[in-house]
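Because the structure is a prediction, the values reported are computed rather than measured.
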2 protein chains.
Amino acid sequence: MKKWILSLMMLPMMAMAGSVKSPNGNIEVKFSVDNTGRPVYEMTYKGREVVRPSYLGLELAKDKHATMGMNEKDLMDGFMVMNEETSTFDETWKPVWGETATIRNHYNELAVTLNQEIILKHQGPTGPDFHERPALATRTMIIRFRVYDDGIGFRYEFPQQRFLNYFIIKDEHTEFAMAGDHTAWWLPGDYDTQEQMTQETKLSEIRGRFNEAVNWSNSSVATFSPTGVQTSLQMKSDDGLYINIHEAACLDYATMHLELVDAETKALTTRLMGNSNTYTPDPKPSPYPLPAPFTFVSHLTPDATGLKGAMQTPCETPWRTVMVSDDARDMLSNNLILNLNEPCKIEDTSWIHPTKYCGVWWEMIVGKSNWHYTNDYPSIKLDQIDWSKVKPNGRHAANNEKVKRYIDFAAKNGLDEVLVEGWNVGWEDWANMWKRDVFDFVTPYPDFDIKMLNEYAHSKGVKILMHHETSSSTQNYERHIKEAYELMNKYGYDAVKTGYVGDIIPRGDHHYSQSMNNHYLYVIKEAAKHHIMVNSHEATRPTGLCRTWPNLVGGESARGTEYEAFGGSNPDHTCILPFTRLQGGPMDYTPGIFETKLSTWSDNTSWARITIAGSLALYLTMYSPLQMAADLPENYEKYDDAFQFIRDVACDWDDSKYLEAEPGDYITVARKAKGTDNWFVGGKCDENGHQVNLRLDFLDKGRKYDCTIYADGKDAHYETNPKAYTITRKVVKAGDVLKLSEAPGGGFAISLMAR
Amino acid sequence: MKKWILSLMMLPMMAMAGSVKSPNGNIEVKFSVDNTGRPVYEMTYKGREVVRPSYLGLELAKDKHATMGMNEKDLMDGFMVMNEETSTFDETWKPVWGETATIRNHYNELAVTLNQEIILKHQGPTGPDFHERPALATRTMIIRFRVYDDGIGFRYEFPQQRFLNYFIIKDEHTEFAMAGDHTAWWLPGDYDTQEQMTQETKLSEIRGRFNEAVNWSNSSVATFSPTGVQTSLQMKSDDGLYINIHEAACLDYATMHLELVDAETKALTTRLMGNSNTYTPDPKPSPYPLPAPFTFVSHLTPDATGLKGAMQTPCETPWRTVMVSDDARDMLSNNLILNLNEPCKIEDTSWIHPTKYCGVWWEMIVGKSNWHYTNDYPSIKLDQIDWSKVKPNGRHAANNEKVKRYIDFAAKNGLDEVLVEGWNVGWEDWANMWKRDVFDFVTPYPDFDIKMLNEYAHSKGVKILMHHETSSSTQNYERHIKEAYELMNKYGYDAVKTGYVGDIIPRGDHHYSQSMNNHYLYVIKEAAKHHIMVNSHEATRPTGLCRTWPNLVGGESARGTEYEAFGGSNPDHTCILPFTRLQGGPMDYTPGIFETKLSTWSDNTSWARITIAGSLALYLTMYSPLQMAADLPENYEKYDDAFQFIRDVACDWDDSKYLEAEPGDYITVARKAKGTDNWFVGGKCDENGHQVNLRLDFLDKGRKYDCTIYADGKDAHYETNPKAYTITRKVVKAGDVLKLSEAPGGGFAISLMAR
């Protein structure tokens, strides 16, 4: 008799499992298995329902390579609770950079070990596990809950075991049953882009709003269901509970979306056909019954074959997170996502530093100059062009003269780095051509003298920030990455902005798939080996990996400032992002547009929906260790008194206090600059304006501060009068109250320098 | 009016195009376009039909990114002949290694320039090619024919042009209309494996034989049609014409298969569903009419999305080749495939050398020892194992002691290198697990002292031959390739055997797709940079790239000797491979099994269908610059007098003369060793035996030669008496005749050392 048969004799410890409460008792999670052996959890906050009883489980693909039918039973039901462990954890850790100098990681944990019996099939006598007849074997899965005072995280864990070695996920069926028809701030669920405007609707209105919510002209759109949404998903219940669903530590696993079950849901999952808004039912829908309306079901990003991930034990899923509070500010000060990630894996972090930068970028985005150098060819093959002989088109921005101008500007204004896009050959035909060998990441255009420019920058105490647009040709990037990073080391670059514009090559893959998430992490690790910081654009939305890999100093993965040149974003956009996109990590939003009407200096008729004072506020309300002054030097020079705030503001903090917050309406935050006694305060509001009574309670008692207030002018308005601002100086102390008026689409910024 | 409109005013030069003959006039190709503008060609040999009128063209995928509908018209019809150029080429070049010291490349060429009008769609005013109304534009395609005395090559070329920049191939529809129901030696068409037994049937019998021809238990099987076959496809007409269809210079393009139209063909292409023998019609069959029965239509290997290739102009397809002769020997001496490849691109080739080797390999294949080191774990994650602490399983072959034994054997017997498989960690669970990070290619098992063993080998004038099994996880191999080759350089390895066992990772891709062909070439180029020779197993079947990249010294890509341990191959197998698999380049067949009944030294009940004399013959009849002595040293030591031939035989040649040949029956060849006056002759036959009157006409007149004949013994038989051989020594001269008798499954080998 085989050894593993013994496990059959172990009896389940209990039919039902228990519960665990947060340290302060406000949050409780209950776990059980139902009479078919399906795992179920529920969550309350101060006794109020947050997640109603919801199933947990994974559906497996029937892999042709699985021996003995090991993978023919899903990890969905037939589970028995074998063990239950509770524990408490409390530590305080120091982030390499962040909103606060220290972060407390305090939770109570419940780990439930579940066993499931499977029937092994007969296998021929040459197999490694020959046996004559079908036989029973046992698989083990652990579901681990961590319950914090401001939310929970839970994940599936698969220990190394004899009968669960490899498996392919057809989909993960983690449910989040909402207790009502909440208001939600959502983006259409999509495998490739999150550069859409956030929608604010009731859950029941998602389906009706969906088509309108998608920018179908974006070539990367790959939605999957008319009730599919992205995470982080911020919600608010009718009775004032703020609830946020996201994930933490998504490593070698597909990014999770949510599919809402509503009254019309027929079968999970529908499937989008091509780049259109026509959905067809999944040809192989899940055999498991549909949950109740207002339930979100996880939906992972597929690979080119439609499957969701290949796993090898020991392994675990990312943490699925539910943050909750009756105070919206807790959604912003919450560190749940970071805490659920592993501690820093980089031993020497001395080379990682918060960075303020400007760049040769906005003028190309606006369309006044180009990334590409020549118009000579209908298409480019890198190995066939002699760049010294091609005719320049006269609009190439990344040229020696212009880059020196930016370097001078950075040096004069205390900016650390200068991003230069379009420095390297290949921009003539780079995106969405299914072109694999699109860039080599090492060859500059003839008018970009890489050696001279870096020496020039360094002589002025400035660094050039590298740009690697991959054009989503990830194999090509990986083939060149070592050479590319060696070039950076050679010339003294210490940060790279990566880009993933366009459809993923190889065809059929998606930006948020397991393989791409693995790629992004590969890039971060290779960069760390070379002491390079990474700012990853168009990558998957972050899940707190910057705790483990703090050289991931920024990312885009949302609708950034560039869209102000593509038709504009709503004024409330920046009052939503901190509740959603920023939950997983900082965003390189590239704030700081002063000349909001682009037509004043270009042919672009788009305009930024923000006031100058509002732009300054973003340096505080949109936390990031990487902050760009995105406008042109000549535009800043016209408003140098306002630009003083950008010169002054810190981008690393010892403390942060969210003073006011309401999703989509306003955010006010005070932050204490790292290693100083100076504070900075920012307030940003939506299109309706906002009045603030700012109590300076956070200042050191008995100390005086030189206060400079950058506020909207009296008639300021994001559309009609965006450049009206006032600058007021006064001396203040703890307990003082400042009355501030934020204009529609406006805000304020304050520096408080300790005397 | 746009400039490109001007092209409409150019009138076609002619409605029909012309013909071109081979230098000796035996072969003629005629080309025309029919009344729908479809290109048609036909081919004759000495006035006999070889290819009846057959269409040429490519069907395009409708790419969402194609601007202005540029790709909405296939490259199939609507063509006008704009220009026709004929030319003659005659050169003689020297291969770095080969069957002859020089190769003549002599052909007449016809290049036909075809124009096709397309309708451009309206595009919005933001597009790069704004125009108000649909408009006409012109695309250009060149079809180039090279006509040799022993066959033809033709390809599609796409010059760089305004309205054909990028396109995606849905399929290539190159037709080869056969003139009759020829006998064919074929392998089932498959996207992933060619390790099958060749079938010999009439064309009309392919469908009926197909299911039987597939080894469905091979996990990599991915057939696509019940009349799909692979190239190189050898045929023989009822009236004695030998015809061979293959391709040359398949670079960044999918490998071509052929789908036969027979009486039952309903629609091209059918599609295999999963790993079974059930075919369903293509959901989107080609809209073009089916050709006549006995026509082969090209069928390219798809990517994970079912498409066949992404192209950027300027570009061209591989050459499609048709070799023809009324003498079977011309099929073997033919250099058409090599000649159609580009000249050598490696400047310094001094480090490339033909190689005889033995290896720690056969005993693992047979099952007497293992590649893997431990049985401790159900699966392995490389970053979680401390190899110094795991328990050895006691069966690991690549250990210091055994490797030294092989090095000693190689040194003693003049073998250049020793292959060692299983030297590096990760073999515990390496294939078909969808495991990406399966090997790191640099970490030896604890019992393989890489430094000591290389030093030991070098001290004896022997090199170790590196082994990189990728497990078809190509991304993982590319991530490690630079480090892996640097390790090889560090320790003095100069050759690597690569392997691609199992399904390709990422899922959905295939061994013979465009992306994989690009990968194999990437590996060859990276290896060349490091002065490393490549012997690529389970890769795509070769198409003569070894002319351009002579560091590609060998490959497998067919059913090799290993199958003698997996149930055996038919005795005629090696009398077919030179007509088929070897057309594109040499094969690492790993001949030389002396102990053909494996049960005499192992538990394996399989046996090699060959006599010892037949095994010796393979060193001549299966041309390769890389020749293994595959059996164990102790097995060779028992037959040291026969092993003398392996010690003596060359593996690089100044001249080769095919004396007799018939596909599947027998091959007799004489070769003159490079830089010497010595000749070696080999004869190999099928299961029926063969009588040879060997006239030594090829020897220098008036010179004497010490002749050693290794022949089958009187009652030798591949099954009942495989080890019966005779060794006869005599002195011979030009004009002498040797009467030789090849036993069933046997052969002979002769060395002729000039006095």
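The part of B:Ile168 that comes within reach of chain A is its side chain, from C-beta onward, which places non-hydrogen atoms under 4.5 angstrom from that chain. Looking at A:Ser515, neither its backbone nor its side chain comes within 4.5 Å of chain B, counting heavy atoms on both sides. For A:Gln161, the part lying near chain B is the backbone, with the side chain staying farther off; criterion is any non-hydrogen pair under 4.5 Å. Neither the backbone nor the side chain of A:Ile481 has a heavy atom closer than 4.5 Å to any heavy atom of chain B. A:Asp509 does not touch chain B: none of its heavy atoms, backbone or side chain, sits under 4.5 Å away. Contact annotation for A:Lys435: only side-chain heavy atoms (C-beta onward) come within less than 4.5 Å of a heavy atom of chain B. In this structure, chain A has a heavy atom under 4.5 Å from the side chain of B:Glu478, while its backbone stays farther away. Of the two parts of A:Phe167, neither the backbone nor the side chain holds a non-hydrogen atom closer than 4.5 Å to a non-hydrogen atom of chain B.
Interface remark: of the candidates A:Thr305, A:Thr474, A:Asn165, A:Asn165 forms the most heavy-atom pairs closer than 4.5 Å to chain B. The choice from B:Gln475, B:Gln384, B:His519 that makes the most heavy-atom pairs within less than 4.5 Å of chain A is B:Gln475. With chain B as partner, the option from A:Asp252, A:Ile505, A:Leu307 having the largest number of non-hydrogen pairs under 4.5 angstrom is A:Asp252.
Ring geometry for A:Phe441 versus A:Phe439: interplanar angle of 30 to 60°, hence tilted. Ring geometry, A:Trp430 versus A:Trp371: the interplanar angle falls from 30° to 60°, so the pair is classed tilted.
Between the side chains of A:Ser379 and B:Gln312, at least one donor N or O lies within less than 3.5 Å of an accepting N or O. Counted by atom type alone, B:His480 and B:Asp440 present zero donor-acceptor pairs between their side chains at under 3.5 Å.
The nearest pair of heavy atoms linking A:Ser602 to A:Val366 is OG-CG1, 3.1 Å.
Taking OG1 from A:Thr301 and NZ from A:Lys308, the interatomic distance works out to 7.5 Å, rounded to the nearest 0.5 Å. The OG atom of B:Ser471 sits 9.0 Å away from atom CG of B:Asp429, with the distance rounded to the nearest 0.5 Å.
No more than 12 heavy atoms of other residues, nucleotides or ligands sit less than 6.0 Å from atom CG of A:Asp603.
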